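Scroll down for the structure; my scribbles are underneath it.
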Amino acid sequence: KAGVTQTPRYLIKTRGQQVTLSCSPISGHRSVSWYQQTPGQGLQFLFEYFSETQRNKGNFPGRFSGRQFSNSRSEMNVSTLELGDSALYLCASSGGKPTDTQYFGPGTRLTVL
Amino acid sequence: QKEVEQNSGPLSVPEGAIASLNCTYSDRGSQSFFWYRQYSGKSPELIMFIYSNGDKEDGRFTAQLNKASQYVSLLIRDSQPSDSATYLCAVNVAGGKLIFGQGTELSVKP
């Protein structure tokens with residue numbers, strides 16, 4: 001089976017712009033979770049989509065949003081970028097049960113200048 | 001109190017020794033617990049998962065879970081330099097929501 005893929009792998013944006021990141025889960029997985037990783041805060045949960053619905057949400061401002069399509073592919077959008085949004089954004093896919101393992105994609109490295 | 005806490009690193013062990021990594025969590029309703037390994041510049045990869053109290057062994061790795069004490073640990077036997085990485089403890093608190101600890105950096109010296 002192909003693994004989780006994320007595009008683009010690297011992105012450079014300036015403050016105030018918006019960005020869209022994409023994640024394609026492992027075939028058959030219905031849950032996609034998004035995480036932000038920074039040196040200071042570690043890995044933090046952003047949100048989870050399951051069967052096209054946001055099922056869980058972390059403590060991030062409304063500038064962070066996402067969606068999931070009928071083929072389980074997911075996109076994450078960040079509007080009005082701030083310098084502090086520079087991070088590695090990881091998505092993970094699973095079957096959706098709490099006991100299911102989440103498999104991570106390679107991540108998108110976002111740099112905000 | 002942080003939801004998931006790991007013993008602070010870095011942890012340095014000689015090659016061939018046992019490395020012990022610890023993690024505590026605050027949500028008593030948590031059902032599943034995961035250990036991920038992350039090499040610098042890479043994404044996390046699963047090492048072990050555990051759901052029931054007790055020990056679970058997989059090769060050189062043993063995960064231990066004590067739900068009464070809200071404690072999870074990972075033992076790495078016969079540590080190798082290739083085990084040098086950051087180890088992340090993750091707790092599932094709902095559906096596809098994992099809460100991660102800050103990670104413990106392990107260094108295995110030849």
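Since the structure is predicted, the reported quantities are computational estimates derived from the model, not experimental observations. Sequence lines set the chain letters: A, B, ... in the order given, protein chains first and strands last, and positions in each chain run from 1.
- The parts of A/T101 that come within reach of chain B are both its backbone and its side chain, each placing non-hydrogen atoms under 4.5 angstrom from that chain.
- Linking ILVMFWY residues whenever their side-chain heavy atoms come closer than 4.5 Å, directly or via other members, leaves B/F34 and B/V72 in distinct clusters.
- For A/L90, the part lying near chain B is the side chain, with the backbone staying farther off; criterion is any non-hydrogen pair under 4.5 Å.
- Separating the CZ atom in B/F100 from the CD atom in A/Q37 is a distance of 8.5 Å, to the nearest 0.5 Å.
- Under the 4.5 Å side-chain heavy-atom criterion for Ile, Leu, Val, Met, Phe, Trp and Tyr, B/V91 and A/L43 are members of distinct hydrophobic clusters.
- Closest approach of B/G96 and A/N56 over heavy atoms only: N-ND2, 4.0 Å.
- Few gaps surround NZ on A/K57; more than 12 heavy atoms of other groups in view lie less than 6.0 Å from it.
- Both A/L81 and A/L11 sit in one connected hydrophobic cluster of ILVMFWY residues. Membership requires side-chain heavy atoms under 4.5 Å apart, directly or through other members.
- Between the side chain of A/S33 and the main chain of B/K97, no donor-acceptor pair closer than 3.5 Å is present.
- Contact annotation: the side chain of B/F49 never approaches that of A/T99 to less than 4.5 Å [non-hydrogen atoms, C-beta and beyond].
- A continuous path of Ile, Leu, Val, Met, Phe, Trp and Tyr side chains, each step under 4.5 Å between heavy atoms, connects B/F61 with B/L21, placing both in one hydrophobic cluster.
- A 6.0 Å sphere centred on CZ of A/R15 holds no more than 12 heavy atoms belonging to other residues, nucleotides or ligands.
- Heavy atoms closer than 4.5 Å to chain B are found nowhere in A/F50, neither backbone nor side chain.
- Under a hydrophobic-cluster definition in which Ile, Leu, Val, Met, Phe, Trp and Tyr are linked whenever side-chain heavy atoms come within less than 4.5 Å, directly or via other members, A/F104 and A/W34 are assigned to different clusters.
- Heavy atoms of other residues, nucleotides or ligands lying less than 6.0 angstrom from OH of A/Y103 number 12 at most.
- Atom NZ of B/K56 sits in a crowded spot, with more than 12 heavy atoms from other residues, nucleotides or ligands closer than 6.0 Å.
- Within the 4.5 angstrom heavy-atom criterion, no atom of B/E45 approaches chain A.
- With a threshold of 4.5 angstrom between heavy atoms, B/Y36 approaches chain A through side-chain atoms but not through N, CA, C or O.
- Smallest separation of non-hydrogen atoms from A/P106 and B/S43: CA-OG, 4.0 Å.
- The main-chain N or O of A/P98 is found under 3.5 Å from a side-chain atom of B/S32 such that the two form a donor-acceptor pair.
- With a 4.5 angstrom heavy-atom cutoff, B/L46 touches chain A only via side-chain atoms.
- Rounding to the nearest 0.5 Å places CG of B/L98 at 9.5 Å from CD of A/E48.
- Contacts between A/Y35 and chain B at a heavy-atom distance below 4.5 Å involve the side chain alone, from C-beta outward.
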